[in-house]
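Each ligand, and each atom within it, is numbered from 1 in the order the structure gives. FYI, side chains are in, hydrogens and waters are out, and symmetry mates aren't considered; it's all heavy atoms of this structure.
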Amino acid sequence: MAQWHLDSQTVLYAVIGDPIVQSKSPVMMNRAFRDTGINAAYAAFHVRPEGLQAAIAGMRAFGMGGMNVTIPHKQAVIPLLDEVDQSAAAIGAVNTIVNRNGRLIGYNTDGIGYVRSLKEETGIDLSGKRIVILGAGGGARGLVYALCRERPARIFVTNRTAEKAEQLAQDMSAFGPVEGGGMEHLPRRIAEADVLINTTSVGMAPQEGMSPVDAGWLHSGLVVSDIIYNPMETALLRDAKEKGCTVHGGLGMLIHQGAYAFEYWTGVAAPVQVMWEAVLEAMGLAGSGPVGGGTGR
Ligand code: ATR
């Protein structure tokens, strides 16, 4: 491990959100800075919506190197920045800000982080695959955009509120073969699919035990992925395992969105393995690996 200390040259990074106390990012990012010997520190700030503008002004005033932005600020922060990367603009959400010589530039690393995690942990090649996405919220938008770059045969987005799935499909249709529709199509779409991804909050603590789909619709040829990481193994993933599916949990997305942010800020390859270890330790799960086929390391 490289030498690491804080001094007058230390560059500050942070995550802002409301709430923020549950964030694993400070533990993960500080471990990454320490491991790579980069003179930087990463804090978490509880910023309410009415404080967002002042927080961004503070970021400029302090010459902070960058920030991560989480719920509920991912959209609202956009007009406060100097520039927004093309993919973040298409997704309509920023989760990473880079301070490049005083200019604040917004990126979205959620979708690409998710795709890197899915590919590394399951070994899947997404080109030509049929993908079903459950949910049409902010999380789904980033995923669909990033999945389109992998050249799938088609992406079907379905949601409890069908109009939101149709709107998302329309917004993303410029980037790939995306269709939207109601849940009534789900059994047939899953039967034809190679990959099923849950982006809804169904199954997340404190509602663990609930699954967004009927276990009877799953089949052994599916890769089943859940972006929820609390619990690490959701009811959906447990059902999928029983059916012989390849399963992929949500913790890798957290790690890899952070790894991309680290790389945008520093230009240094993120130490993904130590980031995994830091997050698992913080969750009281030291020694366990990602939920899924591979090691993700
Ligand atoms: P995020 O930004 O994390 O995606 P979000 O924008 O609030 O969060 O989206 C949450 C998603 O979970 C939505 O697709 C939501 O469906 P609606 O658009 O119909 O609200 C979905 N969701 C939440 N609770 C659900 C439930 N009990 N059953 C089915 N879908 C649910």
Check: Met183 N/O within less than 3.5 Å of ligand 1 N/O: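 N/O-N/O distance under 3.5 Å: no.
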Which option out of [options] puts a heavy atom nearest to [atom]?
{"atom": "atom 5 (P) of ligand 1", "options": "Gly142, Gly137, Pro72", "answer": "Gly137"}
{"atom": "atom 30 (N) of ligand 1", "options": "Arg141, Arg160, Gln207, Gln75", "answer": "Arg160"}
{"atom": "atom 3 (O) of ligand 1", "options": "Gly135, Ala162, Gly139", "answer": "Gly139"}

Protein heavy atom under 4.0 angstrom of atom 26 (C) of ligand 1, is there one?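 Yes; the ligand atom in question has protein heavy-atom contact below 4.0 Å.
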Heavy-atom protein neighbour under 4.0 angstrom from atom 7 (O) of ligand 1: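 It does not: no protein heavy atom is found less than 4.0 Å away from atom 7 (O) of ligand 1.
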Of all the non-hydrogen atoms in the protein, which one sits nearest to atom 2 (O) of ligand 1, and at what distance?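 Here the nearest protein heavy atom works out to Gly138 N, 3.1 Å.
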Can you report which non-hydrogen protein atom sits closest to atom 28 (N) of ligand 1, along with the distance?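 The closest one turns out to be Val202 CG2, 3.5 Å.
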Does [X] approach ligand 1 within less than 4.0 angstrom via side chain, backbone, both or neither, non-hydrogen atoms only?
{"X": "Thr200", "result": "both"}
{"X": "Ala136", "result": "backbone"}
{"X": "Asn159", "result": "side chain"}

Relative to each other, are the rings of Phe156 and His185 parallel, tilted or perpendicular (30° and 60° limits)?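 Taking His185 first and then Phe156, their aromatic rings stand perpendicular (interplane angle over 60°).
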Parallel, tilted or perpendicular, as decided by the 30° and 60° cut-offs, for the rings of Trp265 and Tyr13: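 It falls in the tilted class, 30° to 60°.
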Quick check, are the ring centers of Tyr114 and His248 under 6.0 angstrom apart?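 Centroid separation for Tyr114 and His248: below 6.0 Å.
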Establish, yes or no, whether a centroid distance under 6.0 Å links the rings of Tyr107 and Tyr260.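 They do not qualify: ring centres at least 6.0 Å apart.
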Got more than 12 heavy atoms from elsewhere within 6.0 Å of [atom1], [X]?
{"X": "Asn101", "atom1": "CG", "value": "no"}
{"X": "Gln53", "atom1": "CD", "value": "no"}
{"X": "Lys119", "atom1": "NZ", "value": "no"}

Below 4.0 angstrom from a heavy atom of Ser201, which ligand 1 atoms are there? Numbered from 1 as shown, please.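 Those qualifying, in numeric order: 12 (O), 23 (C), 24 (N).
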In terms of atom number and element, which parts of ligand 1 are under 4.0 angstrom from non-hydrogen atoms of Thr161?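 Those of ligand 1 that fall under 4.0 Å from Thr161 are 17 (P), 18 (O), 19 (O).
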Passing candidate, side chain to side chain donor-acceptor pair (under 3.5 Å) with Asp226, options Asn198, Thr199, Thr200: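 So the option named by the test is Asn198.
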Using salt bridge (Lys or Arg N to Asp or Glu O under 4.0 Å) as the criterion, point out the one residue from Lys129, Arg189, Arg130, Arg154 that pairs with Asp194.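 For Asp194, the salt bridge (Lys or Arg N to Asp or Glu O under 4.0 Å) check succeeds only for Arg130.
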